[in-house]
Amino acid sequence: MARILTQTKTAAINPLKSSQPLGAALAFLGVDGALPILHGSQGCSSFALVLLVRHFKHMVPLQTTAMDQIATVVGGADFLEKALVKLKARTWPRLIGICTAAVAETRDEDIAGDIFNAKGARPTKLIDTVVVLARTPDFAGAVEEGWSKAVTAIIEAITRPGTQDRDAGRVVILPGSNMTVADVEHLREMVESFGLIPLILPDVSGGSDEAVRDRWIQISRGGAKVEHIRDLGAATQCIAVGEQMRRPAEALQGLTGLPYVMFRSLTGLINADRFAWLLAAISRDSAPAAVRRGRMQLQEAMLSGHFHFAGKKVAIACEPDQLLQFAQFFIGMGAVITAAVTTTGHPKVLQTVSADTVQVGDLGDLEQLAADADLLVTHSHGRQAAERLSVPLMRVGFPVFDRIGGQHKLKILYRGTRDMIFEVANIIQASQGLPPARAPADP
């Protein structure tokens, strides 16, 4: 078991984590016709919007209640009500997701009561729109916690409670925040190849074509539909991907009795095999030829690529579930994890990371721990550390803004694991001619 080292610094030198409200907003964007609103100051929303736009390379529907200094003292109920009414009249969303920020949370406001009062005072103006509240203070937690809370809130607010007639061909998939657009699309394709119908929540793959629309639409498009979320309990099985999705899966099970299976990762041969076996058991059919061919291609890639991985020292800085995902991948290919840094020390998943210690900290900690590493694995904010250490950087997670196509990189199941082996092997080969690390400047 890895030993978890808590953060002791009073300030982050180079922040690793993004906030809970941003994670919740990402989850709400995975619902068709949804509009996330950050209930807080305008500055908090602007910063989150900048990161989202730089990461996805297109406009993202995100609004704010724009609380000012007076609302910070006396409460933001009026700001919330005005935002709900105006945005409903302007955009007609199917779902409005409220993500609370620090300004609203420090007063411990009764935001659920404020929403109830607003809907009671304006029943005709807010009709046909589901309002979901996720309590996500940005002074605690990180993206995974915000994502998990938002998905749990969606299920609790929309899904019809009680045992329903099971449809043997329907499967609920709860993907974690570390899954890319390509991951979700490939996940759907694999489930459908077994003759099953996947109900994916959240489904972030629908918004990837926003940049080529003929006009700007101020709500999300192409995600999970509200009517499908309402009937999640009619599926035959729930599959949760990532420890962060245990809470939503348990909420769904408590509401409808739907059993769930937990996958902490879908990357790697063993995890992909487990997933294929489960789908075969649910569908009562053998794996399709395309799936078997993908497995053989992964085996061939592992044989070809392990020469480039064996003994290589890898330093990883990610959210907890993603940290485990990549640690398992590199260990399985013969590499050594010399540094593991994450955003929060609460998840139990950190204890299973194949490293001596896991440091809760920032990218400054990663740079100190990765002095002898052969590869850094983190998001785009780690590029300065990689340059100073003269170590190649593999960009993963959120945000990736200095490269294009990050959301369309596949990293799960047979095909995604195969592609990652090739990517890492090529990075390591190309890095052989890098200059030595620069000596630190004199004080």
Q. Just one of Thr342, Ile316, Leu324 clears the side-chain contact (heavy atoms from CB on, under 4.5 Å) bar with Val353, so which one?
A. Leu324
Atom [atom1] of [X]: over 12 foreign heavy atoms under 6.0 Å:
X	atom1	result
Glu192	CD	yes
Lys312	NZ	yes
Asp356	CG	no
Lys9	NZ	yes
Ile270	CD1	no
Phe307	CZ	no

**Q.** Derivation of the side chain to side chain contact (heavy atoms under 4.5 Å, CB included) call for Leu258 and Leu232
**A.** CA-CA 9 Å; Leu258 183 66; Leu232 289 180; 5.5 Å; no
May I ask you to decide if [Y]'s main-chain N or O and [X]'s side chain share a donor-acceptor pair within less than 3.5 Å?
X	Y	answer
Glu145	Ala142	yes
Asn14	His381	yes
Ser220	Val31	yes
Asp419	Leu410	no
Arg292	Ala287	yes
Thr64	Leu38	yes
Thr159	Ile229	yes
Ser304	Ala301	no
Thr256	Gly233	no
Gln20	Ala140	yes

Is the shortest side-chain N to carboxylate O distance from [X] to [Y] below 4.0 Å?
X	Y	result
Glu243	Arg246	yes
Lys17	Asp362	no
Asp183	Lys409	no

Which heavy atom in [X] sits nearest to a heavy atom in [Y], and how many Å separate them?
X	Y	result
Ala24	Thr136	CB-CG2, 3.9 Å
Leu393	His379	CD2-O, 4.2 Å
Ala251	Thr152	CB-CG2, 3.9 Å
Phe139	Ala102	CD2-CB, 3.7 Å
Met262	Gly242	SD-O, 3.3 Å
Ile219	Pro61	C-CG, 3.8 Å

Starting at [atom1] of [X], measure out to [atom2] of [Y] and round the result to the nearest 0.5 Å.
X	Y	atom1	atom2	answer
Thr180	Glu185	OG1	CD	8.5 Å
Ile412	Phe275	CD1	CZ	7.5 Å
His228	Ile158	NE2	CD1	12.5 Å
Arg230	Ile155	CZ	CD1	14.0 Å
Ser46	Leu51	OG	CG	11.5 Å
Glu367	Leu389	CD	CG	5.0 Å

Side chains of [X] and [Y], donor plus acceptor under 3.5 Å:
X	Y	result
His55	Gln407	yes
Glu144	Ser177	no
Gln244	Asp321	yes
Asn178	Glu319	no
Thr100	His39	no
Asn271	Gln328	yes

Any non-hydrogen side-chain atom of [X] less than 4.5 Å from a side-chain atom of [Y]?
X	Y	value
Leu133	Arg135	yes
His308	Val424	no
Val131	Ile98	yes
Trp147	Phe28	no
Thr378	Val396	no
Leu413	His186	yes
Phe263	Ile239	yes

**Q.** For Tyr414, ring pair (Phe, Tyr, Trp, His ring centres under 6.0 Å) partners two or more places apart
**A.** none
**Q.** Worked verdict on Thr91 versus Gln218 for side chain to side chain donor-acceptor pair (under 3.5 Å)
**A.** CA-CA 6 Å; Thr91 63; Gln218 299 184 49; over 6 Å; no
Q) Taking only residues two or more places apart in sequence or in another chain, which ones pass salt bridge (charged side-chain N to carboxylate O under 4.0 Å, His left out) with Asp32? A) Lys225
Q. Should Thr129 and Leu95 be marked as a side chain to side chain contact (heavy atoms under 4.5 Å, CB included) after you check the CA-CA gap, both sets of side-chain angles, and the distance that decides it?
A. CA-CA 5 Å; Thr129 295; Leu95 180 147; 5.9 Å; no
Q: Start with the C-alpha gap between Arg415 and Glu189, add the side-chain angles, then the distance that decides, and say whether side chain to side chain contact (heavy atoms under 4.5 Å, CB included) holds.
A: CA-CA 12 Å; Arg415 193 191 306 168; Glu189 292 170 357; 4.3 Å; yes
Q. What is the ring orientation for His58 with Phe56, classed by angle as parallel under 30°, tilted 30 to 60°, or perpendicular over 60°?
A. tilted
(Q) Please verify the inter-ring angle class for Phe326 with Phe330; under 30° counts as parallel, over 60° as perpendicular, anything in between as tilted. (A)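 Correct class here is tilted.
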Q | Residue pair Ile428, Asp374: steps toward the side chain to side chain contact (heavy atoms under 4.5 Å, CB included) verdict | A | CA-CA 8 Å; Ile428 292 174; Asp374 299 304; over 6 Å; no
What side-chain donor-acceptor pairs closer than 3.5 Å can you find for residues 397-406, not counting sequence neighbours?
unit_1, atom_1, unit_2, atom_2, d
Asp402, OD1, Ser380, OG, 2.5
Asp402, OD1, Arg395, NE, 3.0
Asp402, OD2, Arg395, NE, 3.0
Asp402, OD2, Arg395, NH2, 2.9

